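Below is one structure, written out as structure tokens; the observations come after it.
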Amino acid sequence: MTTRLYNTLTRTREELRPLTDNKVKMYVCGPTVYNYIHIGNARVFVFFDVVRRYLQYKGFEVTYVQNFTDVDDKLIKAAQEEGVAVPELAERYIAAYFEDMDALGVKRADVHPRATEHIPEMIEAIQNLIDKGHAYEINGDVYFRSLSKEDYGKLSHQSIDELKSGARIEVNERKENPLDFALWKAAKPGEISWDSPWGKGRPGWHIECSAMARKYLGDSIDIHAGGMDLCFPHHENEIAQSECWTGETFAQYWLHNGYINMGNEKMSKSLGNIVRVKELREEYEPRALRYFLLSAHYRNPISFRYDTIRQFEGALERFDTVVTNLRHRMEAAVDGEPSSAVEARLKELTQAFEEAMDDDFNTANAISVLFDGVKFANDWVAKDVVSKQSLERILQWFRVFGSDILGLMELEPEEILDSEIEALIEERIQARKERNFARADEIRDRLQEMGIILEDTPQGTRWRKK
RNA sequence: GGGGGCAUAGCCAAGUGGUAAGGCAAGGGACUGCAAAUCCCUCAUCCCCGGUUCAAAUCCGGGUGCCCCCUCCA
């Protein structure tokens with residue numbers, strides 16, 4: 001089955017057909033590293049991490065590139081305020097970014113290029129655009145001539161006139177046209193800068209993605225993605241630059257995810273109503289954050305509420321207990337072939353899962369398939385006689401869909417207990433045999449205080465961490 | 001002024017013509033020495049008003065409320 005995805009460029013769902021064979025080239029706009037990332041930023045990275053994992057599962061060879069914007073106005077301002085150098089500030093927040101992403105289970109991109117390490121590539125692009133008449137230099141600044149691209153506005157579906165009539169276009173008398181945007185900005189005294197044919201300066205925001213995408217993925221890429229607020233002007237401008245530069249179609253599919261709202265407002269750094277991942281993960285299970293981000297379709301808005309995150313922690317417990325149930329049942333299972341009933345059910349579930357994900361990456365439905373699997377597994381575990389091989393197959397299914405693709409389930413066994421706890425558990429088993437329930441309950445309560453929950457099953461007593 | 005989006009149970013949420021998925025929470029039952037876990041059951045006329053249709057949460061028209069983009073922002 002082919003994967004269908006909503007393309008902002010055409011405003012329709014299209015079948016994913018990579019430019020070459022089964023190779024998918026993906027570029028996702030990464031963070032501007034002047035601060036810690038917030039949960040809204042994390043939505044992009046978590047969601048496209050799942051897209052990448054799913055496409056890999058489908059057999060595509062995915063090359064995933066995500067940049068760091070490590071020089072721009074905001075970085076310069078933040079660095080000045082703190083009295084540190086821009087590279088030092090960037091370094092700090094890049095490290096922080098990776099810490100947050102590791103916690104959320106986001107895998108590293110194949111390449112994480114930084115803007116400041118690709119200045120020559122950007123200068124080359126800018127020079128090319130000037131040579132072709134798509135850009136012009138004024139007093140050390142270089143601007144892109146938006147009117148020179150006849151289909152400028154095609155991504156955001158706005159005509160030049162519509163864009164111009166917008167009341168919020170900044171007035172800059174140096175530009176030929178208000179819609180023109182900076183490719184290169186002349187350095188002000190004391191600012192970090194690089195040499196260029198137009199004097200000392202630094203790149204504009206948009207050109208870095210064009211330059212780095214081309215360097216690592218080529219003239220044309222398959223998927224280009226980011227948050228909806230990047231659609232205009234950032235992605236629109238990237239298209240304009242890249243296509244004027246190379247003469248090729250920049251990206252086939254443009255994917256944009258919805259925002260996270262705080263109350264009735266978009267969560268954004270400029271509004272100051274942000275909730276940082278760094279702080280959230282101290283208070284909540286990071287997987288619950290990941291679950292929260294995947295619980296709604298990626299193009300729909302999500303409202304952030306602390307008690308919603310708590311809800312997802314509760315849901316996560318079912319994922320954890322089913323794994324515990326399967327593992328524990330394994331100890332009293334027999335040898336034999338995997339049951340054909342198990343194979344058949346897992347096949348159905350796999351189909352349902354793929355159907356959900358192939359439908360524009362409907363993670364909400366994919367997760368509900370996971371719960372169908374949980375129910376099936378718990379039923380299976382309750383049978384009198386089950387084979388180890390059947391249980392293994394079910395665990396394997398969860399590994400692929402719950403862990404490898406969605407990153408919501410943990411399949412690793414719990415760590416070993418210490419000897420004191422083990423002794424207490426032993427003592428309680430003994431007490432129960434002697435029907436000394438008062439002592440048994442006493443021990444169970446005490447272990448609970450120590451964070452260990454005991455459960456008596458037909459296959460014996462087992463424990464788990466609270 | 002132009003361009004989009006959202007409104008489904010206490011909460012999260014899927015569903016784009018065929019009679020409301022799934023999860024959290026809650027209540028009842030089974031199982032248990034008691035629990036826990038698990039399983040079963042219960043819990044929505046889909047923002048409002050019209051219209052089209054044998055049939056509408058889904059399509060059309062008109063409202064109401066909220067959000068976003070056209071400026072840095074995921």
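All values derive from a computational prediction rather than experimental measurement. All chains are named by letter (A, B, ...) in the order of the sequence lines, taking the proteins before the strands, and each is independently numbered beginning at 1.
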Can you tell me, in whole Å, how much space there is between the C1' of B:A9 and that of B:U52?
29 Å
Ignoring backbone atoms, establish whether A:R11 has a side-chain N or O less than 4.0 Å from OP1 or OP2 of B:G4.
yes
Touch check for A:T308, heavy atoms < 4.0 angstrom, all strands: base, sugar-phosphate only, or nothing?
sugar-phosphate
Parallel, tilted or perpendicular, as decided by the 30° and 60° cut-offs, for the rings of A:F376 and A:W380
tilted
A:W205 or A:I302, whichever maps to the more 5' nucleotide of RNA chain B
A:I302
Need the pair for B:C34. Rule: Watson-Crick or G-U wobble, both distances under 3.5 Å, any strand; none if unpaired.
none
Separation between CE of A:M212 and CD of A:Q66, rounded to the nearest 0.5 Å:
10.5 Å
Rounded to whole angstroms, how far apart are CG on A:L370 and C1' on B:A21?
15 Å
Determine, using ring centers only, whether A:F98 and A:F68 are less than 6.0 Å apart.
yes
Within less than 4.0 Å of OP1 or OP2 of B:C6, is there a side-chain N or O belonging to A:N261?
no
Whether A:K175 side chain and A:D180 backbone form a donor-acceptor pair below 3.5 Å
yes
Could you work out which one of B:A74, B:G22, B:C12 sits closest to the side chain of A:N41?
B:A74
If you count every heavy atom of other residues, nucleotides or ligands that lies below 6.0 Å from A:R446 atom CZ, does the total exceed 12?
no
Give me the distance, rounded to whole Å, that separates B:U64 from B:C47 when you measure between the C1' atoms they each carry.
8 Å
Need one value for A:P458: base, sugar-phosphate or nothing, where a base atom within 4.0 Å counts as base even if backbone is also close, heavy atoms only.
nothing
Does B:A26 pair with anything, Watson-Crick or G-U wobble, both distances under 3.5 Å, and if so, with which nucleotide?
B:U42
Whole angstrom value for the distance that separates P of B:C67 from CG of A:N273:
12 Å
Tell me what A:Y291 touches on the nucleic acid: a base, only sugar-phosphate, or nothing, going by heavy atoms under 4.0 Å.
sugar-phosphate
Could you tell me whether A:H224 and A:Y253 have their ring centroids closer than 6.0 angstrom?
no
Given the C1' atoms of B:U53 and B:G17, what is the spacing between them in whole Å?
9 Å
Using the C1' atoms only, state how far B:G2 lies from B:A44, rounded to an integer number of Å.
38 Å
Among B:G22, B:A14, B:C73, which nucleotide has an atom closest to any side-chain atom of A:N362?
B:A14
Could you work out the separation of B:C43 and B:A7 based on their P atoms and round it to a whole Å?
24 Å
Less than 6.0 Å separating the ring centroids of A:Y143 and A:F181?
no
Determine whether the aromatic ring centres of residues A:Y97 and A:F45 are separated by less than 6.0 angstrom.
yes
Among the nucleotides B:G2, B:A74, B:A14, which one has an atom lying closest to any side-chain atom of A:Q158?
B:G2
I need the CG-P distance between A:L316 and B:G23, as an integer number of Å.
15 Å
Is the distance between the ring centroids of A:Y216 and A:H118 less than 6.0 Å?
yes
Using a 4.0 Å heavy-atom cut-off, does A:N300 contact any base of the nucleic acid, only the sugar-phosphate backbone, or nothing at all?
sugar-phosphate
Per A:Y259 side chain, nearest of listed nucleotides B:G15, B:C69, B:G23
B:C69
Let me know the distance between OH of A:Y298 and P of B:C68, rounded to the nearest Å.
21 Å
Any side-chain N or O of A:K266 below 4.0 angstrom from OP1/OP2 of B:G5?
no
For B:C66, what is the paired nucleotide under Watson-Crick or G-U wobble rules, both distances under 3.5 Å?
B:G5
Classify the side chain of A:Q311 and the base of B:C12 as holding, or not holding, a donor-acceptor pair under 3.5 Å.
no
Return the value, rounded to whole Å, for the distance between atom CG of A:L406 and atom C1' of B:G22.
14 Å
Could you check A:F398, A:F371, A:F401 and say which one makes a ring pair (Phe, Tyr, Trp, His ring centres under 6.0 Å) with A:F319?
A:F371
Between B:C48 and B:C70, how far apart are the two C1' atoms, rounded to whole Å?
31 Å
Please work out if A:F312 contacts a base, only the sugar-phosphate, or nothing of the nucleic acid, heavy-atom cut-off 4.0 Å.
sugar-phosphate
Write down the distance separating the C1' atoms in B:A20 and B:U58, rounded off to the nearest Å.
11 Å
Could you tell me how far apart A:L294 (CG) and B:G23 (C1') are, to the nearest whole angstrom?
14 Å
Over how many whole Å does the gap from A:N257 atom CG to B:C6 atom P extend?
15 Å
Summary of protein contacts for nucleotides 32-44 of chain B, nucleotide by nucleotide, where a base hit scores B, a sugar-phosphate-only hit scores S (4.0 Å, heavy atoms):
-BBBBSSSS----
On RNA chain B, compare the nucleotides closest to A:H38 and A:E265; which residue's is nearer the 5' end?
A:E265
Hey, does A:G226 reach any base, or is it just sugar-phosphate, or nothing, if we go heavy atoms under 4.0 Å?
sugar-phosphate
Residue matched to B:U19 through Watson-Crick or wobble contacts both under 3.5 angstrom:
none
Please report the distance separating the C1' of B:A56 from the corresponding atom of B:U42, rounded so that it comes out in whole Å.
28 Å
Starting from P on B:C24, measure out to CD on A:E285 and report it in whole angstrom.
16 Å
Using Watson-Crick geometry (N1-N3 plus N6-O4 or O6-N4) or G-U wobble (N1-O2, O6-N3), each under 3.5 Å, B:U52 is paired with none
